[in-house]
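Some notes on the structure that comes next.
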Amino acid sequence: MTAHSNRESLWLGRLARAYGVQTAYYDITHKRVQASPDTLLAVLRALGAPLTKAEEARDALREREQAQWRRPCEPVVVAWDGDSAGFPLRLPGALSDARIGLHLRLEDGSVLNLPCDLSLLPAAQGGQIEGEQYVVKTVDLPEGIPLGYHRLTAEIGGNPMDAVVIAAPRKACESRKGAGDRTWGVFLPLYALNSRRSLGSGDLTDLAALMEWVSGLGGRAVGTLPLLAAFLSEPFNPSPYAPASRLFWNEFYLDVSRVPEFSACAPAREIVSSPAFREEADALRAAPLVDYRRGMALKRTVLEQLARCFHSGSDPGRREAFEQFLTSNPDAEEYAVFRATGERQRAPWPAWPAALRDGAIPPEAYGEEEKRYHLYAQFVFEEQFGALSKRFRERGEALYLDLPLGVSHDSYDVWRNRDLFVLDVSSGAPPDDFFTQGQDWGFPPIHPQRSREEGFRYFRACLRHQFRHADILRIDHVMGLHRFFWVPRGMSAREGTYVGYPAEDLYAVLTLESHRNRVRIVGEDLGTVPPYVRPAMARHGLSRMFVVQFGLSPDPGKALRPVPAESLGCVNTHDMPPFASFWGGLDIDDRVELGLLDEEGAREERERRSRVKDALAAFLRRKCRLEGAGTGAEPALAGCLSYLAASKAGVVIANLEDLYGETNPQNVPGTWKERPNWLRKARHGFEAFREMPGVIRILREMDRLRRGESARRGKPRGQETEPKGEEVG
């Protein structure tokens with residue numbers, strides 16, 4: 001490398017750091033990985049840096065610094081717990097002693113006028129931009145600012161200043177009384193939950209029945225995968241982690257027979273009672289995998305008739321409820337137009353004609369009936385889900401939902417907020433022991449600065465959408481609040497690097513929305529997590545996850561770590577092999593078949609797994625959590641759940657499929673066509689597994705131990721109910 005190229009690399013590195021781009025990071029083996037100049041150039045261009053080649057980095061850095069100095073203050077100011085918040089003002093020297101009037105417009109519309117004499121404030125530091133000297137002075141906002149999002153404005157030397165003040169509690173809300181408080185629950189994807197009454201896949205009525213059954217055994221929580229809008233025709237993507245929107249729901253999970261219009265809509269009832277409908281429903285129930293296309297098509301034939309009956313009806317109460325829904329969901333009509341246009345085009349929005357892709361969509365571009373269908377589907381889903389979650393909350397029960405990391409590139413959210421998403425890169429992860437080539441998740445990341453400029457409007461909306469119904473919310477890949485791994489278009493995941501995000505600002509949004517909705521926040525902190533993430537989670541009251549299969553060690557003395565207090569404890573997650581598969585080493589065989597492990601690597605992994613199992617069995621016996629001399633999967637699973645239930649975890653979640661020895665996973669990360677991800681039904685239907693003695697025995701023991709832990713801690717667990725076994729729904 002020449003001296004000239006060394007200088008270029010130096011300036012490129014400085015520019016990258018100025019934009020929050022990491023020039024190097026540490027991989028899973030703690031080896032330092034250097035981002036290439038090509039990677040830095042691509043990521044910087046995606047962030048909006050004005051350069052096309054490394055030689056322009058010095059000029060681009062100067063332009064960046066000038067823009068920062070000329071902006072009086074940052075776009076977001078955080079005030080914690082009602083304390084005074086200080087924020088830096090960047091001022092030309094000629095204005096450093098001026099008198100200015102700050103105006104703080106509160107959420108309720110009232111205005112606080114805050115005169116400020118800058119001559120009384122010391123200058124902290126300075127800089128020179130094109131011959132003009134700038135200084136920094138710290139201005140303090142008053143104490144006692146009410147919680148909320150407020151607007152701070154001022155005029156300094158004829159130039160306007162504008163910032164969002166987020167007044168937030170430092171810690172997230174623990175939980176509603178009785179909901180998720182020293183309790184336990186179960187997990188199962190709703191699509192996998194099948195019953196004799198549903199149409200080949202679980203729906204909201206099945207979810208209510210599952211909670212009723214769990215409550216009868218003493219539990220207070222049910223967890224499932226995201227229920228967000230999905231593309232289930234053209235385009236088609238059933239993954240709950242690549243939704244069509246994080247602002248709307250997936251009508252696939254509606255129980256159409258419980259929609260208010262159903263009882264009076266003769267055409268809809270005729271469809272449901274027809275031989276063709278019953279035959280298709282039976283075929284969907286009999287299929288080994290969830291058939292989203294056929295299932296959604298069948299359900300839609302009924303929903304379309306219900307929408308017609310609704311729009312042709314004259315019930316003033318229903319019309320008023322619909323108008324209230326539109327008022328509470330101002331983007332719903334545009335979302336319906338977007339989905340109706342996609343159906344007319346039979347293509348994702350990037351393939352639409354430019355006039356539709358980039359401008360307002362005219363009425364002739366979509367069918368009015370299709371638009372009405374999508375509006376109605378969201379309206380009745382919100383009603384049905386709202387009634388369900390309200391009943392849960394009134395009984396002290398907790399619905400545990402999951403906020404996906406991102407949205408599909410083809411989503412409404414990206415189409416609607418194109419400036420907010422960075423379309424020239426994908427989110428992903430660097431190489432590790434499991435994914436040696438790294439991961440490219442395929443969805444665009446959010447631009448950190450543009451999100452900050454808008455006061456995190458989109459992030460707030462995503463949280464509020466979940467918080468309407470969730471009592472516990474898991475934040476997928478919580479370190480994404482701090483940094484994201486970006487993979488430039490045309491490069492492999494090995495060639496990506498990390499980009500920083502305004503973590504404290506995002507925590508402020510999270511804690512504020514958590515308190516306003518009284519929702520416990522769980523951060524998914526698995527894998528290689530930077531050392532500053534978990535202290536930040538603790539500082540802001542986010543619960544950690546403790547996953548047994550993730551943290552096992554072959555050291556008999558350290559087979560399982562102590563369970564962190566207030567964490568969410570579980571044996572595995574939806575991205576991991578079920579416990580029986582793990583115990584039998586079937587996941588190792590699967591990795592060999594997928595080409596992720598060679599035979600030598602598989603041999604080493606099997607030897608290590610054997611030592612891990614021996615260490616875990618010895619550990620559980622020492623803790624009196626393993627009965628007898630058995631070392632099979634079932635007693636080991638029961639021992640692990642007993643260990644979790646007797647711990648200081650805030651919530652313990654049991655994967656229902658583990659309880660009856662399922663070996664097939666719901667998702668195999670890194671596969672797409674190779675495995676039926678997000679398609680597999682639970683092997684046993686609801687009517688079957690709820691009567692299984694082994695399942696009930698484990699859950700009753702969990703309840704006994706959780707009650708004992710709750711009593712020792714002196715905290716009530718909410719209204720208790722006697723176990724009951726009758727069928728619900």
Side-chain angles (χ1 to χ4, degrees), residues 4 7-21 23 40-41 43-79 84-105 113-141 150-166 419 447-455 499-502 504-505:
H4 180 66
R7 285 196 300 271
E8 291 169 1
S9 297
L10 177 65
W11 286 111
L12 190 62
R14 290 182 61 183
L15 179 64
R17 287 187 288 273
Y19 274 88
V21 180
T23 59
L40 295 180
L41 275 170
V43 171
L44 284 166
R45 284 197 296 267
L47 282 166
L51 81 167
T52 58
K53 51 188 178 181
E55 292 87 339
E56 299 167 348
R58 184 174 184 176
D59 290 338
L61 179 61
R62 184 170 64 250
E63 187 171 329
R64 171 77 170 179
E65 291 174 341
Q66 289 175 355
Q68 287 181 316
W69 277 107
R70 286 171 176 157
R71 177 166 191 156
C73 73
E74 293 299 307
V76 172
V77 177
V78 176
S84 172
F87 66 95
L89 269 183
R90 294 180 286 266
L91 301 158
L95 299 175
S96 61
D97 291 333
R99 290 176 181 269
I100 61 173
L102 299 173
H103 308 284
L104 186 63
R105 180 175 291 277
N113 294 312
L114 309 170
C116 178
D117 187 347
L118 296 175
S119 67
L120 302 178
L121 302 177
Q125 64 186 62
Q128 195 171 59
I129 300 298
E130 294 187 344
E132 185 171 17
Q133 189 69 32
Y134 281 75
V135 298
V136 175
K137 294 196 171 187
T138 299
V139 177
D140 290 328
L141 293 176
H150 315 300
R151 179 70 61 178
L152 179 67
T153 59
E155 189 171 295
I156 304 174
N159 296 316
M161 184 198 84
D162 196 347
V164 173
V165 175
I166 305 176
D419 289 342
H447 194 295
Q449 185 61 21
R450 291 175 192 158
S451 179
R452 201 169 183 234
E453 295 280 354
E454 68 163 31
V499 174
Y501 282 72
E504 286 299 292
D505 295 355

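Note that the coordinates shown come from a computational prediction; the quantities given were computed from them, not determined experimentally.
Between R7 and E55, none of the side-chain N atoms (NZ, or NE/NH1/NH2) sits under 4.0 Å from a carboxylate O, so this pair counts as no salt bridge. Salt-bridge formation is not detected for the pair E132/R70: no Lys NZ or Arg NE/NH1/NH2 atom is positioned less than 4.0 Å from an Asp or Glu carboxylate oxygen. Ion pairing between a basic and an acidic side chain is recognised when a charged N comes within 4.0 Å of a carboxylate O; E8 and K53 show no such pairing.
Across V164 and G455, no two heavy atoms sit closer than the pair CG2-CA, 4.2 Å. Closest heavy-atom contact between L102 and A154: CD2-CB, 3.5 Å. Of all heavy-atom pairs between P448 and V499, the closest is CG-CG1, 4.2 Å.
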Exercise for review: Could you please spell out the steps behind the side-chain contact (heavy atoms from CB on, under 4.5 Å) verdict for L121 and C116?
Suggested key: CA-CA 9 Å; L121 302 177; C116 178; 4.1 Å; yes
Practice item. Determine, stepwise, if the pair V165 / F87 fulfils side-chain contact (heavy atoms from CB on, under 4.5 Å). Key: CA-CA 10 Å; V165 175; F87 66 95; over 6 Å; no
Review point. Would L95 and L118 count as a side-chain contact (heavy atoms from CB on, under 4.5 Å) if you check the C-alpha gap in whole Å, the side-chain angles of each, and the deciding distance to 0.1 Å?
Key: CA-CA 8 Å; L95 299 175; L118 296 175; 5.8 Å; no
Exercise for review: Step by step, work out the side-chain contact (heavy atoms from CB on, under 4.5 Å) result for M161 and L89.
Suggested key: CA-CA 10 Å; M161 184 198 84; L89 269 183; 3.5 Å; yes
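Residues H447 and L47 have side chains in contact (heavy-atom distance under 4.5 Å, counting atoms from C-beta outward). Residues Q449 and P75 have side chains in contact (heavy-atom distance under 4.5 Å, counting atoms from C-beta outward). Using a 4.5 Å heavy-atom threshold, the side chains of E504 and V78 count as separate.
To the nearest 0.5 angstrom, R17 atom CZ is 5.0 Å from T23 atom OG1. Distance check: D162 CG to H103 NE2 gives 11.5 Å after rounding to the nearest 0.5 Å. Note that CG of L91 is 10.0 Å distant from SG of C73, once rounded to the nearest 0.5 Å.
Under the side-chain contact (heavy atoms from CB on, under 4.5 Å) criterion, R58 pairs with W11, sequence neighbours left out.
Looking only at distances, a side-chain donor or acceptor of R64 sits under 3.5 Å from a matching main-chain atom of A18. Looking only at distances, a side-chain donor or acceptor of R90 sits under 3.5 Å from a matching main-chain atom of Q68.
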